[in-house]
Amino acid sequence: MPRELIDDFGRRVSYVRISVTDRCDFRCVYCMSEEMTFLPRAQVLTLEELAMVARAFVELGVEKVRLTGGEPLVRRDIDSLVEQIGVLPGLRDFAMTTNGASLPKYASRLRDAGLKRLNISLDSLDPQRFRQLTRTGDLGRVIDGIRVAREVGFERIKLNAVILKGRNDDEVLDLVEFARNEGLDISFIEEMPLGDVSDHSRAETFCSSDEVQEIIESRYPLTPTTESTLGPSRYFRMADSESRIGFISPHSHNFCATCNRVRVTVEGRLLLCLGNEHSVDLRRVMRSHPGDIDALKHAIVAAMPIKPERHHFTTDGDVQVVRFMNMTGG
Ligand code: SAM
Ligand code: SF4
């Protein structure tokens, strides 16, 4: 059994994002449609299966695991899964992406269970607009969640903001100010063509990272940092703040040559690329060989040759990948 996962383009896979549920208490307009049908329980990986997937990847040299969804904090007993993954030897970075609404309840337990870092999504600081963008979300709870997470000791919390033209592009500087005042990092994300959303035309709302950067630089000149995530993020600093500004630009900055990551959907589909359908059914392997971690590891190793060289997203608004983001695990 190899100790590292290397694909056919010589890229080493060191990062896995695992979706722990497709469900969510929000219905963000860029992520879901208003009426969603969620998966029946039998199709969703159990907590034991999710823990086994994480262990298999870490034993194959993966150093970073991120739990996402859907909303990971609506999955029952999520803290017990975090506990099982947090103790895996060789895991260097263990993170979760959340909408933050359940952090007042969960932050302390997650920290005790071994989670190291949090990304919290926040697209608006205006309660009404926040409600419009998330359809169900309560801004006050998310702000409380951010503060509680900091109080219980999470460091370098990062906000994620998806910017849509005409919807929240006028809040870019307010979001930067909020991050500076609260001692947080913030990343601005370009909307990706995942799932067919009815709320808006993506071609009309697309706002490139370059446009967002220009707005920020009208107040704060940005200096690029040298750190690399080997993904679609690029980071910058302001002269007078610890807060870092990131741009996640799958459209306008191609990052595929250094891509180090794969994703596992909540159904156990190993996705080799966010922008392509190439995948392998790990649930079938686990259910036909219960408890056999070597069978699972063999299936993961065998999947490496089908990792595509690059994605082919465009900005013309066409849906190119029919999966919704909540299935993929952003
Ligand atoms: N529910 C959690 C949250 O919102 O942080 C985790 C899952 S969510 C799918 C992960 C990230 O994907 C969020 O920051 C969200 O804003 C982003 N996202 C969702 N749909 C997107 C899309 N179509 N394009 C770009 N980012 C998207
Ligand atoms: Fe839920 Fe996150 Fe998707 Fe919003 S972006 S609907 S919070 S999964």
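The chain is numbered in sequence order, starting from 1. Below, each value reflects all heavy atoms present in this structure, side chains not excepted, and no hydrogens, waters or symmetry copies. This one's a predicted model, so the numbers in the text were calculated from it and none came from an experiment.
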Below 3.5 Å, can you tabulate the donor-acceptor pairs from side chains in residues 291-306 to any protein atom, sequence neighbours excluded?
unit_1: Asp292; atom_1: OD1; unit_2: Asp294; atom_2: N; d: 3.1
unit_1: Asp292; atom_1: OD1; unit_2: Ala295; atom_2: N; d: 3.1
unit_1: Lys297; atom_1: NZ; unit_2: Glu59; atom_2: OE1; d: 2.7

- Task: Please say whether the positively charged group of Lys116, taken as NZ for Lys or CZ for Arg, lies over the ring of Phe94, i.e. under 6.0 angstrom from the six-membered ring centre and within 45 degrees of the axis.
- Result: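 Verdict for Phe94: no cation-pi partner in Lys116.
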
- Message: Taking the cut-offs as 6.0 angstrom to the six-membered ring centre and 45 degrees off its axis, would you call Arg261 and Tyr15 a cation-pi pair?
- Response: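 No, Arg261 does not sit over the ring of Tyr15.
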
- Message: Among residues at least two apart in sequence or on other chains, which ones pass ring pair (Phe, Tyr, Trp, His ring centres under 6.0 Å) with Phe236?
- Response: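 Applying ring pair (Phe, Tyr, Trp, His ring centres under 6.0 Å) to Phe236 gives Phe247.
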
Backbone N/O of [Y] and side chain of [X]: donor-acceptor pair under 3.5 Å:
X      : Y      : answer
Arg75  : Val20  : yes
Arg237 : Thr225 : no
Asp169 : Ile215 : no

Cut-off 3.5 Å, side chains only: do [X] and [Y] have a donor facing an acceptor?
X      : Y      : answer
Lys158 : Ser187 : yes
Gln132 : Gln128 : no
Arg269 : Ser279 : yes
Arg66  : Thr97  : yes

[X]: partners by side-chain hydrogen bond (donor to acceptor under 3.5 Å, both in side chains), with sequence neighbours left out:
X      : answer
Arg111 : none
Asp240 : Arg180
Asp25  : Asn99
Thr98  : Glu71

- Query: Does any pair with a residue in residues 117-134 pass salt bridge (charged side-chain N to carboxylate O under 4.0 Å, His left out), and if so which ones, sequence neighbours excluded?
  - Reply: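 Only Asp93-Arg117, Arg129-Asp170, Arg129-Glu171 qualify under salt bridge (charged side-chain N to carboxylate O under 4.0 Å, His left out).
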
Only distances under 3.5 Å count here; give the side-chain donor-acceptor pairs of residues 140-153 to other protein atoms, sequence neighbours excluded, each with its distance to 0.1 Å.
unit_1: Arg141; atom_1: NE; unit_2: Ala101; atom_2: O; d: 3.3
unit_1: Arg141; atom_1: NH2; unit_2: Ala101; atom_2: O; d: 3.1
unit_1: Arg147; atom_1: NE; unit_2: Glu182; atom_2: OE1; d: 3.3
unit_1: Arg147; atom_1: NE; unit_2: Glu182; atom_2: OE2; d: 3.4
unit_1: Arg147; atom_1: NH2; unit_2: Glu182; atom_2: OE2; d: 2.6
unit_1: Arg150; atom_1: NH1; unit_2: Glu182; atom_2: O; d: 2.1
unit_1: Arg150; atom_1: NH1; unit_2: Glu182; atom_2: OE1; d: 3.4

Work out which heavy atom in [X] is nearest to a heavy atom in [Y]; give both atom names and the distance.
X      : Y      : answer
Leu175 : Ala161 : CD1-CB, 4.1 Å
Phe130 : Thr134 : O-OG1, 2.7 Å
Cys24  : Phe38  : N-CZ, 4.3 Å
Leu272 : Lys307 : O-NZ, 2.9 Å

Salt bridge (charged side-chain N to carboxylate O under 4.0 Å, His left out) against [X], all qualifying residues, sequence neighbours excluded:
X      : result
Glu63  : Arg12, Arg92
Arg284 : none
Lys165 : Glu211

- Between Arg244 and Asp185, is there a salt bridge with N-O shorter than 4.0 Å?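 Salt bridge present between Asp185 and Arg244.
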
Quick one: side chains of residues 78-88, donor-acceptor pairs under 3.5 Å with protein atoms, not counting sequence neighbours, listed by atom name and distance.
unit_1: Asp79; atom_1: OD2; unit_2: Arg109; atom_2: NH1; d: 3.3
unit_1: Ser80; atom_1: OG; unit_2: Asp77; atom_2: O; d: 3.0

